[in-house]
Amino acid sequence: MDLRSRLLHLGLRRASELEPRPPRRRSVPLEAVVAGEWRTTPAGQCFVAEQRFSLAYTHGRYRLSEALSVPPHVWALALGDPAAEPFDVRRAAYLDIETSGLSRSGGTVAFLIGLGSFEGDKFVLRQFFMPDYGEEPATLHLAGEVLGAADGLVSFNGRSFDWPILEMRYILAGQQPPLDPRQHLDLLLIARRLWRRRLASCALSALEHPLLGLERDQRDVPGYLIPGLYNAYVQQGDAEPMADVFYHNAMDIVSLVTLTARVGHTLQAEAPAADPYRDPLALGILYERSGRPAEAVRALREAARSPDDTIATDAGRRLALLLRRTGEHDAAMAVWQELWARGDVPAAIELAKQYEHRQRDAAAALTTVDGAIARLEAGIAGLTRYEHRRLLRDLHHRRGRLMRRLERQAARRPAGEPSPRPTQEEEASSGR
DNA sequence: GGCGTGTAATGGAAACCCGA
DNA sequence: TCGGGTTTCCATTACACGCC
């Protein structure tokens with residue numbers, strides 16, 4: 001029995017035998033609660049809502065126009081590629097979708113595609129809503145017209161979530177994805193690099209208050225409720241809860257614009273640093289990875305002045321390694337000496353290397369190593385047992401080697417010449 | 001609850017330097 | 001010339017986190 005016969009045998013009916021589905025009774029129609037219009041295409045129907053914002057529109061602390069004041073070359077830092085082409089946020093589409101679930105398998109659909117773009121002296125927000133699963137081709141087609149006109153994408157977690165889902169839906173619908181987003185500014189990635197040391201969470205909702213000065217009102221609906229609300233709409237036709245989903249999506253997109261402004265100002269060091277040490281630390285790391293050592297050194301020096309020991313030590317270690325890599329050995333030594341004066345054992349190990357190999361002073365290296373061993377044995381908070389054991393093993397290995405080197409040097413030294421090993425008094429006064 | 005992304009930790013390879 | 005130590009770079013792995 002072939003597959004067709006087996007399915008018919010199981011009771012499946014041919015499409016031509018099916019009763020047409022009666023029009024769904026809609027207790028509250030969508031157009032009654034969301035300003036927009038129904039659009040009919042050869043592929044089906046889609047509801048489109050459009051809002052136009054003046055560039056002076058203020059969302060939290062920022063005006064929409066402030067996103068446009070960031071020069072395109074600044075975004076190379078955010079894209080993590082110093083060779084990246086300048087990114088023009090004025091020509092990009094701001095994307096946020098609402099879906100029927102979290103999975104990125106073929107079963108998850110984007111029922112609401114929100115797209116914002118700068119057009120003349122306005123920011124235009126368009127939301128493409130799929131009223132039923134069968135209307136997906138029309139929704140994709142209409143959203144595709146806006147996407148196709150854009151040059152680049154701005155999103156929040158869109159590299160992992162929004163775009164892969166959308167791309168998959170276009171492919172499954174037999175349509176060509178309208179955009180090749182090689183230029184994709186994913187604000188989640190850059191927000192994490194900039195602020196994860198300062199904020200407990202880098203979710204968009206968690207960034208809005210501290211960074212954008214924004215509070216959402218009662219209408220906003222938590223994201224995890226959205227798939228359920230949509231399924232209820234498809235089953236029962238009550239559009240009232242959908243109004244809140246449209247609002248949530250619109251807020252997300254407008255927040256994308258002002259977050260773009262905030263990120264841009266931070267990258268240009270123009271935003272008031274809410275944290276005068278963590279922010280420069282994050283910027284320093286960003287500069288370092290982008291191959292801009294001079295700016296990295298400047299930012300890391302600022303962060304290394306933090307009264308918070310964790311921040312100062314992190315910044316100091318990075319700063320010293322960067323200085324060494326760029327050949328500024330004396331400056332690196334000065335930073336490690338400062339760190340070691342505060343009791344940082346890894347800094348003592350780096351100092352011992354410098355004393356031994358650059359200054360040819362094995363005695364100073366040994367003194368530093370002895371000091372580090374004593375410090376470790378006295379106990380250091382915050383070290384795991386594994387780290388403690390590894391540091392101690394390394395230090396004892398180094399100590400043994402230095403001792404053997406000093407013994408060999410002493411054996412070669414003519415009788416009567418003093419040992420370079422410092423006396424106990426010298427050792428105590430050196431502070432090492 | 002699945003998945004893509006980035007980060008940090010770790011280890012290995014290779015190049016280089018220096019002392020024996 | 002050889003071996004040990006340092007440094008840098010790269011690959012691998014584990015893990016955390018955000019989206020609805």
Side-chain angles (χ1 to χ4, degrees), chain A residues 78-81 95-114 155-169 181 184-197 199-207 220-232 241 244-245 248-249 252-253 255-256 259 282 285-286 288-289 291 314 317-318 320-327 329 332 346 349-360 362 365 369 384 386-387 390 394 397-402 404-409 411-412:
Chain A
L79 294 167
D81 177 8
L95 168 72
D96 184 51
I97 63 173
E98 311 304 326
T99 70
S100 59
L102 260 189
S103 158
R104 259 151 281 189
S105 64
T108 300
V109 299
F111 68 83
L112 181 62
I113 303 171
S155 70
F156 197 84
N157 199 27
R159 288 246 290 258
S160 308
F161 188 76
D162 303 66
W163 181 251
I165 287 182
L166 218 43
E167 190 176 34
M168 163 82 83
R169 296 318 305 177
H184 188 161
L185 180 62
D186 187 335
L187 293 173
L188 166 64
L189 306 182
I190 182 72
R192 274 197 186 139
R193 288 185 203 136
L194 287 173
W195 296 302
R196 77 188 148 83
R197 287 171 187 79
L199 302 171
S201 161
C202 284
L204 182 59
S205 55
L207 301 180
D220 194 49
V221 53
Y224 67 89
L225 293 179
I226 290 173
L229 292 176
Y230 180 65
N231 281 320
D244 296 341
V245 177
H248 170 87
N249 180 257
D252 275 1
I253 290 176
S255 285
L256 274 183
L259 186 58
I285 294 169
L286 220 58
E288 189 186 346
R289 288 186 184 152
D314 189 2
R317 286 179 186 171
R318 291 174 190 275
L321 287 174
L322 177 59
L323 287 168
R324 185 182 68 189
R325 249 199 330 273
T326 52
H329 295 278
I349 293 173
E350 294 305 326
L351 264 184
K353 288 179 190 173
Q354 299 294 312
Y355 284 136
E356 181 185 353
H357 297 285
R358 293 200 71 80
Q359 303 195 347
R360 307 267 162 242
V369 166
T384 65
Y386 172 74
E387 287 167 333
R390 208 165 53 85
D394 183 18
H397 175 73
R398 193 174 298 278
R399 185 175 194 282
R401 199 171 46 71
L402 286 165
R404 289 193 293 280
R405 180 187 286 259
L406 282 167
E407 280 161 15
R408 283 195 302 272
Q409 287 177 359
R412 286 200 305 275

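Naming convention: chains lettered A, B, ... in sequence-line order (proteins, then strands); numbering from 1 in each chain. Worth knowing before you read on, the calculation uses all heavy atoms, side chains too, and leaves out hydrogens, waters and symmetry mates. None of the values given here were measured: they were computed from a predicted structure.
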Sort me out a list of protein N/O and nucleotides 16-20 of chain C N/O pairs below 3.5 Å, or just none if empty.
residue : atom : partner : partner atom : Å
dC17(C) : O4'  : R192(A) : NH2          : 3.4
dC17(C) : O3'  : R192(A) : NH2          : 3.2
dC17(C) : O2   : R192(A) : NH2          : 3.3
dG18(C) : OP1  : C202(A) : N            : 2.5
dG18(C) : O4'  : R192(A) : NH2          : 3.1
dC19(C) : OP1  : L204(A) : N            : 3.0
dC19(C) : O4'  : N157(A) : ND2          : 2.9
dC20(C) : OP1  : D96(A)  : OD1          : 3.3
dC20(C) : O3'  : T99(A)  : N            : 2.7
dC20(C) : O3'  : T99(A)  : O            : 3.0

Please list each protein N or O that sits under 3.5 Å from an N or O in nucleotides 2-4 of chain C, with the distance.
none

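The two atoms that bring G158(A) and D186(A) nearest to each other are N-OD2, 3.3 Å, heavy atoms only. The two residues P227(A) and T99(A) have their closest heavy-atom pair at CG-O, 3.7 Å. Taking both residues in full, the closest heavy atoms of D244(A) and V221(A) are given as O-CG1, 3.6 Å, listed atom of the first, atom of the second, then distance.
When distances run from any side-chain atom of R324(A) to the nucleotides dT7(B), dT7(C), dT6(C), the shortest one goes to dT7(C).
A straight line from CD of E288(A) to P of dT7(B) spans 12 Å, rounded to a whole angstrom. Atom CD in E350(A) sits about 10 Å away from atom C1' in dT7(C), given to the nearest Å. The separation between L322(A) atom CG and dT7(C) atom P is 15 Å, rounded to whole Å. Rounded to a whole Å, the CD1 atom of I190(A) is 12 Å from the C1' atom of dG6(B). Distance CD (Q359(A)) to P (dC17(B)): 19 Å, rounded to an integer number of Å. Per the geometry, CG belonging to L189(A) stands 11 Å off C1' belonging to dT7(B), to the nearest Å. Put simply, CE on M168(A) is 10 Å from P on dC3(B), counting in whole angstrom units. To the nearest angstrom, C1' of dG6(B) lies 13 Å from CG of L286(A).
Side-chain contact between K353(A) and R398(A): present, with at least one pair of heavy atoms (C-beta onward) separated by less than 4.5 Å. Counting heavy atoms from C-beta outward, L112(A) and Y230(A) have side chains that stay 4.5 Å or more apart. Contact of the I285(A) side chain with the R197(A) side chain is registered, since non-hydrogen atoms from C-beta on lie closer than 4.5 Å. When side chains are defined from C-beta on, N249(A) does not count as touching I97(A), because their heavy atoms never get closer than 4.5 Å. Side-chain contact between L207(A) and L187(A) is absent, with no heavy atoms from C-beta onward closer than 4.5 Å.
Taking only side-chain nitrogens and oxygens, Q354(A) never comes nearer than 4.0 Å to OP1 or OP2 of dG5(C). In this model, the phosphate group of dG5(C) is not approached by any side-chain N or O of K353(A) to a distance below 4.0 Å at OP1 or OP2.
Residue R317(A) is classed as having no contact, given no heavy-atom separation below 4.0 Å to the nucleic acid.
The main-chain N or O of V109(A) is found under 3.5 Å from a side-chain atom of S100(A) such that the two form a donor-acceptor pair.
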